[in-house]
Amino acid sequence: MHNGKLTVVGAGPGDLELITLKGIKALESADVVLYDALVDPALLEYAPNAEHIFVGKRKGCYRYQQEQINELIVQRASQGVHVVRLKGGDPFVFGRGAEEMEFAANHGIEVAVVPGISSSVSVPAAQHIPVTKRGAAESFWVITGTTKEHKLSKDVALAAKSNATVVILMGMSKLGEIMELFKEEGKQHTPVAIIQNGTTDNEKVGIGTVASIEYKAKEQQLANPAIIIIGEVVNHRQHILDIQKEYQTKGKKLFENV
């Protein structure tokens, strides 16, 4: 029997409608779907005839170790079937999709990838926070808050020195350390947003500054999975809300009197 195929698919940031059409087509053709904790199980409805295997982790508890997931992919694909590895966000943005593809390819498995909408840009965007904006930010960093050694990435200190927007994934457990690095650069008043469960019905948003966001996070009980956005672009959210409010209270009345 010939070896099967592995397709690594990005499910998007959480909203069911933010998976791509190509991702849906991959699910429809799947014989086996291995999915993560950040994937809405409702997406499995696109693969009604496939075997569904949960391989994610919740609160640090692993259902499968990464090595076991790799072996499971190869074991199933070697039966000549189509395995879809469904991951939250984009599989190449801190998703270990590249590692799984490499492992499968080294075992003679055909591999493919369907990019997903990364939470690093889409979750802020859904809350009217652009990661770049003329006059506010010319670039942006996307950094993991916790390395494989469970330490804070050294890139955070470098990013704190720049004028770029800084987006940190998986960083809530290091929130205090992160803010201290920005305080050391004199950025106590820089706006910060924390968005938990972005683009889903359970979304929670906390807005503050480098100096105040830890208090805001405790007050609103913000926790993982969450994204931290640091930079002047965070102010765009309130700016848009203010414009809309002003239109509703003033502009609409002027329009009705025309």
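Note that the structure is a prediction, hence the values are computed from the model and not measured.
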Taking every non-hydrogen atom, the tightest pair across [X] and [Y]:
X: Lys5; Y: Ala112; result: CE-CB, 3.8 Å
X: Ile143; Y: Ala159; result: CD1-CB, 3.7 Å
X: Ala50; Y: Val33; result: CB-CG2, 4.1 Å
X: Val74; Y: Ala104; result: CG2-CA, 4.1 Å
X: Pro91; Y: Gly116; result: CD-N, 3.9 Å
X: Thr199; Y: Ala126; result: CG2-CB, 3.9 Å

Taking everything shown except [X] itself, do over 12 heavy atoms lie less than 6.0 Å from its [atom1]?
X: Tyr46; atom1: OH; result: no
X: Asp242; atom1: CG; result: yes
X: Gln221; atom1: CD; result: no
X: Phe103; atom1: CZ; result: yes
X: Lys22; atom1: NZ; result: no
X: Gln238; atom1: CD; result: yes

Is any side-chain heavy atom of [Y] closer than 4.5 Å to one of [X]?
X: Ile213; Y: Met179; value: yes
X: Glu185; Y: Leu181; value: no
X: Glu110; Y: Asn3; value: no
X: Leu34; Y: Val83; value: yes
X: Ile178; Y: Leu152; value: yes
X: Phe94; Y: Lys87; value: no
X: Val233; Y: Val131; value: no
X: Ile53; Y: Tyr35; value: no

Can you measure from [atom1] ([X]) to [atom2] ([Y]) and round to the nearest 0.5 angstrom?
X: Thr165; Y: Ile129; atom1: OG1; atom2: CD1; value: 9.5 Å
X: Leu16; Y: Asp40; atom1: CG; atom2: CG; value: 4.0 Å
X: Arg76; Y: Ile109; atom1: CZ; atom2: CD1; value: 13.0 Å
X: Asp90; Y: Ile117; atom1: CG; atom2: CD1; value: 10.0 Å
X: Arg237; Y: Ile229; atom1: CZ; atom2: CD1; value: 10.0 Å
X: Leu86; Y: Leu44; atom1: CG; atom2: CG; value: 7.0 Å

Closer than 3.5 angstrom, by distance alone: can the side chain of [X] be matched with the main-chain N or O of [Y] as a donor-acceptor pair?
X: Gln68; Y: Gln65; value: yes
X: Lys216; Y: Leu222; value: no
X: Thr147; Y: Lys151; value: yes
X: Lys204; Y: Gln220; value: yes

Can you list the steps and then say if His107 with Ser78 is a side-chain hydrogen bond (donor to acceptor under 3.5 Å, both in side chains)? CA-CA 9 Å; His107 285 78; Ser78 295; over 6 Å; no
request  = Give the C-alpha distance, both sets of side-chain angles, the deciding distance and a yes or no for side chain to side chain contact (heavy atoms under 4.5 Å, CB included) between Val32 and Val84.
outcome  = CA-CA 6 Å; Val32 182; Val84 166; over 6 Å; no
Polar contact flag, side-chain donor to acceptor under 3.5 angstrom, [X]-[Y]:
X: Thr209; Y: Ser212; answer: yes
X: Glu203; Y: Gln127; answer: yes
X: Glu102; Y: Asn106; answer: no

When you group the ILVMFWY residues by side-chain heavy-atom contacts below 4.5 Å and let the links chain together, are [Y] and [X] in the same group?
X: Leu175; Y: Leu169; result: no
X: Phe92; Y: Met170; result: no
X: Val55; Y: Val8; result: yes
X: Val123; Y: Ile240; result: no
X: Val205; Y: Val192; result: no

**Message:** Using the rule side chain to side chain contact (heavy atoms under 4.5 Å, CB included), only one of Ile168, Val156, Val167, Asp155 pairs with Trp141; which is it?
**Reply:**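 One option only clears the test, and that one is Asp155.
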Please assess Ile230 against Phe182 for the test side chain to side chain contact (heavy atoms under 4.5 Å, CB included), listing each intermediate value before the final yes or no.
CA-CA 9 Å; Ile230 309 165; Phe182 280 81; 3.5 Å; yes
Hey, is [X] close enough to [Y] for a salt bridge, meaning N to O under 4.0 Å?
X: Arg85; Y: Asp36; result: yes
X: Lys183; Y: Glu180; result: yes
X: Lys133; Y: Glu232; result: no

### Message
For Gln66 and Glu100: C-alpha separation, side-chain torsions, deciding distance, then whether side-chain hydrogen bond (donor to acceptor under 3.5 Å, both in side chains) applies.
### Response
CA-CA 9 Å; Gln66 186 61 49; Glu100 293 170 353; 2.9 Å; yes
Is there a side chain to side chain contact (heavy atoms under 4.5 Å, CB included) between Thr7 and Val114? Walk through the geometry before answering. CA-CA 7 Å; Thr7 304; Val114 178; 3.9 Å; yes
What do the steps show when you test Thr200 against Asp15 for side chain to side chain contact (heavy atoms under 4.5 Å, CB included), and what is the final call?
-> CA-CA 5 Å; Thr200 72; Asp15 185 332; over 6 Å; no
